[in-house]
Amino acid sequence: MQLKVPEHQVAGHIAKDGKPGPLVDDKGRFFKPLQGDSRGENEVKFYESFSTNTEVPDHIRRFFPVYHGTQAVEGSDGATMIVLENLLADYSKPSVMDVKMGSRTWYPEASEEYVQKCLKKDTGTTTVSAGFRISGFEVYDHKESSFWKPERKLLRGLKVDGARLTLRKFVSSNSLSDMGSKPDSAFVSSVYGGSNGVLTQLLELKTWFENQTLYHFNSCSILMVYENESILKGNDGDARPQVKLVDFAHVMDGNGVIDHNFLGGLCSFINFIRDILQSPDESAES
Ligand SMILES: O=P(O)(O)O[C@@H]1[C@@H](OP(=O)(O)O)[C@H](OP(=O)(O)O)[C@H](O)[C@H](OP(=O)(O)O)[C@H]1OP(=O)(O)O
Ligand SMILES: Nc1ncnc2c1ncn2[C@@H]1O[C@H](COP(=O)(O)OP(=O)(O)O)[C@@H](O)[C@H]1O
């Protein structure tokens, strides 16, 4: 089995200090190392539960990566990895964004130290003010014919207007390294709009979250992706926008209670996307 480092990972842990990072194979699978303390186990517990839970409607399953169990991976010191569907396997020039949902990323059972660490990040980013934060993104820059990924530090400093501007840039054809340029929102209707677009998918997810009390998706992300190859070939209609959920290391049982934290963040995110769709030509906010 030939494994390699994923080309388009936009957030989360990478191989560092002797610890393995995610890997992908050529058969459409994504290998995520089990994280230390209870996180890895908790994520496995979630996937095992979710993949067999008959209360989850079929049309909702498509928002989650398919789970293929766990596996000890040779070449990574035999590290145990969660084997998932590689969500980017069918994309050749993907633009990808990871949006961490909720107005808090901590949860009641966490240690005081962990809560404080999360609170610091939550108040310093748009998590508290907007109900989500952009954890990472990579866009295919049509002017430069290459991928562009901002530094983490730059994203951590984004305020609400900056997040709005970034969501516009994500669907623009301008050169993105030029921070001063006004995004043209060229792909807004083919990515955010339409019957298969991001907004429609988010609304479908919201309908489920308005009722589901099975799980609380603490610190979970929405991964948005679309294909630029089709746009380069002049077929914007084939951008194949997808909304997926990733990172279930902190998912808890819902115990019959609505996940207000995720739902609130999702409603806010939907409003941002809807505003951009309704006024794609609005002047760039700073
Ligand atoms: O270590 P940090 O400060 O980079 O924080 C990680 C987060 O990075 P961020 O600061 O939000 O860009 C990181 O966020 P992303 O996945 O990058 O959005 C995770 O929240 C990670 O925790 P876990 O894998 O969910 O258990 C976080 O790891 P822990 O701090 O919980 O170990
Ligand atoms: N199933 C997947 N397919 C493709 N890419 C993925 C998948 N899961 C995660 N990723 C990539 O890895 C990043 C980090 O994933 P995540 O589960 O949040 O890891 P961590 O727990 O280290 O934060 C995501 O932002 C995305 O770029």
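Atoms within each ligand, like the ligands themselves, are counted from 1 in listed order.
Checked for salt-bridge contact, Glu210 and Lys206 meet the test: a charged N lies under 4.0 Å from a carboxylate O. Checked for salt-bridge contact, Arg39 and Asp37 meet the test: a charged N lies under 4.0 Å from a carboxylate O. A salt bridge links Arg133 and Asp122; the closest N-O separation between the charged side-chain nitrogens and carboxylate oxygens is under 4.0 Å.
The Gly12 neighbourhood of ligand 2 comprises atoms 14 (C), 20 (P), 22 (O), 23 (O), with distances under 4.0 Å to a heavy atom of that residue. The contact set between ligand 2 and Glu85, taken as ligand atoms under 4.0 Å from a residue heavy atom, comprises 1 (N), 2 (C), 3 (N). Within ligand 2, counting atoms from 1 as listed, the ones closer than 4.0 Å to a heavy atom of Val246 are 8 (N). If you number the atoms of ligand 2 from 1 as listed, the ones under 4.0 Å from a heavy atom of Asn86 come out as 3 (N), 4 (C). Near Asp98, meaning under 4.0 Å from any of its heavy atoms, are these atoms of ligand 2: 24 (C), 25 (O). Under a 4.0 Å criterion applied to the non-hydrogen atoms of Leu223, ligand 2 contributes the atoms 25 (O), 26 (C). Each of the following atoms of ligand 2 lies closer than 4.0 Å to a heavy atom of Lys32: 16 (P), 17 (O), 19 (O), 20 (P), 21 (O).
Annotation: Glu113, atom CD; neighbour count of heavy atoms from other residues, nucleotides and ligands within 6.0 Å does not exceed 12.
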Query raised in the report: What's the verdict on side chain to side chain donor-acceptor pair (under 3.5 Å) for Ser221 and Asp247, showing C-alpha distance, side-chain angles and the deciding distance?
Result: CA-CA 6 Å; Ser221 289; Asp247 201 355; 5.4 Å; no

Report task. Go through Tyr107 and His250 one step at a time and tell me if the side chain to side chain donor-acceptor pair (under 3.5 Å) criterion holds. Result -> CA-CA 8 Å; Tyr107 44 95; His250 305 287; 3.1 Å; yes

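Under 3.5 Å, the side chains of Tyr67 and Glu48 contain a donor-acceptor pair of N or O atoms.
For Gln35, the heavy-atom gap to ligand 2 drops under 4.0 angstrom. Look at Val96 and you'll find every heavy atom at least 4.0 Å from all atoms of ligand 2.
For a threshold of 3.5 Å applied to N or O pairs, the pair formed by Phe30 and ligand 2 contains no separation below that value.
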